[in-house]
**Q** 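The structure follows.
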Amino acid sequence: MQPKIYFIEEHGIDPTIIDPDAKQVMSRLREAGFTAYMVGGSVRDLLTKRTPKDYDISTSARPEQIKQIFQRNCILIGRRFRLAHIRYGHKIFEVSTFRAGDTTESDLIVHDNTWGSPEEDARRRDFTINGLFYDTSNHTIIDYVGGWQDIQKRILRTIGDPWNRFKQDPVRMIRLLKFRARLGFDIAPLSRRALIGCRQEIVKSAPARILEEFFRMLESGAAMSFFVLMSESGLLDLLFPALADLMKQEMGQTIYRYLAAADRIHSKGHLKQPLDRSVLTACLLFPILDKHLSDQKEEILEGSHYADVMKQIAVLFREYIMSSFTHFPRRITATAAFIMTLQQRLTPPGGKRHHRPKILRNKEFHLALTFLKIRALVNEKYLEDYTSWKEYYRQSLKQNDRKHSHSSPNHKRPAQVKRNSGHGSSH
Ligand code: ATP
Ligand code: MG
């Protein structure tokens with residue numbers, strides 16, 4: 001089939017905003033005699049006026065040939081998808097060889113390394129909006145799948161029969177909701193029906209891939225609407241049944257507020273990196289812990305309940321997360337537990353708070369502070385606590401710097417600041 005070609009006059013993408021290093025990777029592949037296009041998420045992002053966060057490149061060169069061109073700057077990775085990572089300074093570009101996927105087959109795909117033509121490569125992709133190529137040599141968009149039209153009409157549509165495509169790889173259902181949440185596009189009626197019909201299949205997918213899509217969504221600035229969609233579609237019930245139940249109750253509203261606060265931080269765009277995954281995990285569990293602790297507030301005295309809180313956090317992880325995902329990353333569990341435990345010290349229930357230097361010594365203190373910021377966005381009453389701790393932390397970092405640059409033996413401890421004294425944020 002002949003693809004539709006769209007020239008620069010029509011698509012209007014400013015070529016200067018495309019990463020120059022990505023362009024260079026493609027021109028080196030072309031100089032070596034291969035075809036190379038930008039593909040997938042980056043083309044979609046440019047057409048929807050977003051800055052691509054990474055550039056995926058598709059080429060006719062085989063992995064070994066890519067390796068030969070880029071030598072030490074190239075590593076070949078992946079078993080299911082064998083692809084090349086090209087290192088350019090701090091950036092990494094993912095370069096994959098055009099491959100064919102069998103779109104008539106509805107069995108779960110287990111390996112996916114049959115090389116193919118550009119057209120086959122476009123057709124094995126998930127949604128039409130993700131199936132466009134961009135040729136940086138002449139600034140054209142090459143469309144084999146009707147992605148251009150669907151972007152104009154703001155429609156999400158699987159490439160090929162949605163029932164087959166979801167059965168082949170059920171993670172595509174989560175991806176569909178991810179793009180719905182992120183772009184606000186409508187889902188084509190057939191794809192919508194197939195999602196409801198195939199949703200049970202989701203449990204067959206590799207847990208690590210599911211978790212990766214969840215984390216990416218928590219980092220996306222559209223986490224709240226993603227969870228709403230996951231809950232409405234019934235996918236959340238299949239993946240995290242206990243959490244899904246809770247999301248439908250009053251507690252769900254509180255959790256959504258935490259997710260919305262994380263979204264606000266992400267969509268301001270000041271961050272070099274998204275919030276840490278442990279902070280985002282805490283957004284899901286902390287509201288439950290907080291409720292539990294405030295229900296038994298009378299029994300709690302500052303300092304004496306540390307072990308209880310830890311125990312409670314372990315229960316929450318078991319009940320809401322590990323029951324579905326036994327291989328949930330340990331670093332994230334441990335750090336999220338630390339962040340949540342520390343909240344009691346940052347805003348103790350009795351209201352008596354001291355800025356203790358010991359707390360700051362923990363190398364993950366800044367994550368607990370970021371989480372306090374999220375709590376302050378959810379509930380204004382923590383704003384003063386947050387500003388005061390932030391300032392205290394900033395001072396202590398400054399003192400540390402000074403200490404290290406002068407190696408002064410007379411390093412002063414930061415002064416203690418009382419909570420609600422009115423001086424908390426006046427440093
Ligand atoms: P993001 O902005 O989250 O990175 P993305 O669309 O770029 O979104 P990636 O996971 O980076 O998602 O995948 C890159 C491209 O690979 C997609 O745009 C799509 O063309 C293709 N792709 C990804 N996952 C699948 C899948 N499960 N089935 C078919 N094609 C896929
Ligand atoms: Mg991508």
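As the structure lists them, so they are numbered: ligands from 1, and atoms in each ligand from 1.
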**Q** If the cut-off is 4.0 Å to any non-hydrogen atom of G40, which atoms of ligand 1 fall inside it?
**A** 18 (O)

**Q** Taking the six-membered ring for Trp, are W389 and F365 parallel (under 30°), tilted (30 to 60°) or perpendicular (over 60°)?
**A** tilted

**Q** When the aromatic ring centroids of F227 and Y256 are compared, is their separation below 6.0 Å?
**A** no

**Q** Taking distance alone, with N or O pairs closer than 3.5 Å, would you say F179 contacts ligand 1?
**A** no

**Q** Answer yes or no for E213: is there a heavy-atom contact with ligand 1 below 4.0 Å?
**A** no

**Q** Identify the residue among F215, F240, F214 that makes a ring-ring contact (aromatic ring centres under 6.0 Å, His included) with F328.
**A** F215

**Q** Measure up the F98 and F133 rings against each other and bin them: parallel (under 30°), tilted (30 to 60°), perpendicular (over 60°).
**A** perpendicular

**Q** Applying the side chain to side chain contact (heavy atoms under 4.5 Å, CB included) criterion to V95, which one of L29, L83, D56, I69 satisfies it?
**A** L29

**Q** So between K178, R175, R172, whose heavy atom ends up nearest atom 13 (O) of ligand 1?
**A** R175

**Q** Only one of K53, Q273, R277, H266 clears side chain to side chain donor-acceptor pair (under 3.5 Å) with E219; which?
**A** R277

**Q** Strictly under 4.0 Å, does any heavy atom of F127 approach an atom of ligand 1?
**A** no

**Q** Answer yes or no on whether R375 is positioned over the face of Y382, meaning its NZ or CZ is under 6.0 Å from the six-membered ring centre and within 45° of the axis.
**A** yes

**Q** Any idea which part of Y55 is under 4.0 Å from ligand 1, heavy-atom wise: side chain, backbone, both or neither?
**A** neither

**Q** Taking the non-hydrogen atoms of D56, is any one of them nearer than 4.0 angstrom to ligand 1?
**A** yes

**Q** Please report the C-alpha distance between R123 and E119 in whole Å, then the side-chain angles of each, then the deciding distance to 0.1 Å, and finally whether the salt bridge (Lys or Arg N to Asp or Glu O under 4.0 Å) criterion is met.
**A** CA-CA 6 Å; R123 294 200 172 281; E119 175 170 359; 3.3 Å; yes

**Q** Could you list the atoms of ligand 1 found under 4.0 angstrom from a heavy atom of N130?
**A** 6 (O), 18 (O), 19 (C), 20 (O)

**Q** Heavy-atom distances under 4.0 Å are what count here, so tell me which part of R182 touches ligand 1: side chain, backbone, both or neither.
**A** side chain

**Q** Distance under 4.0 Å to a non-hydrogen atom of R124: what atoms of ligand 1 satisfy this?
**A** 29 (C), 30 (N)

**Q** Do D54 and ligand 1 have an N or O pair less than 3.5 Å apart?
**A** no

**Q** Please confirm whether R165 comes under 4.0 Å of ligand 1, counting heavy atoms of the residue only.
**A** no

**Q** Applying a strict 4.0 Å limit to heavy atoms, is E94 in contact with ligand 1?
**A** no

**Q** If the test is side chain to side chain contact (heavy atoms under 4.5 Å, CB included), which one of R172, M173, R165 qualifies with C198?
**A** M173

**Q** Under the criterion side chain to side chain contact (heavy atoms under 4.5 Å, CB included), which of I155, L177, L195 is the partner of I187?
**A** L177

**Q** Would you kindly specify which portion of R209 sits under 4.0 Å from ligand 1, judged on non-hydrogen atoms: side chain, backbone, both or neither?
**A** side chain

**Q** Applying a heavy-atom cut-off of 4.0 Å, say which part of D126 lies close to ligand 1: side chain, backbone, both or neither.
**A** both

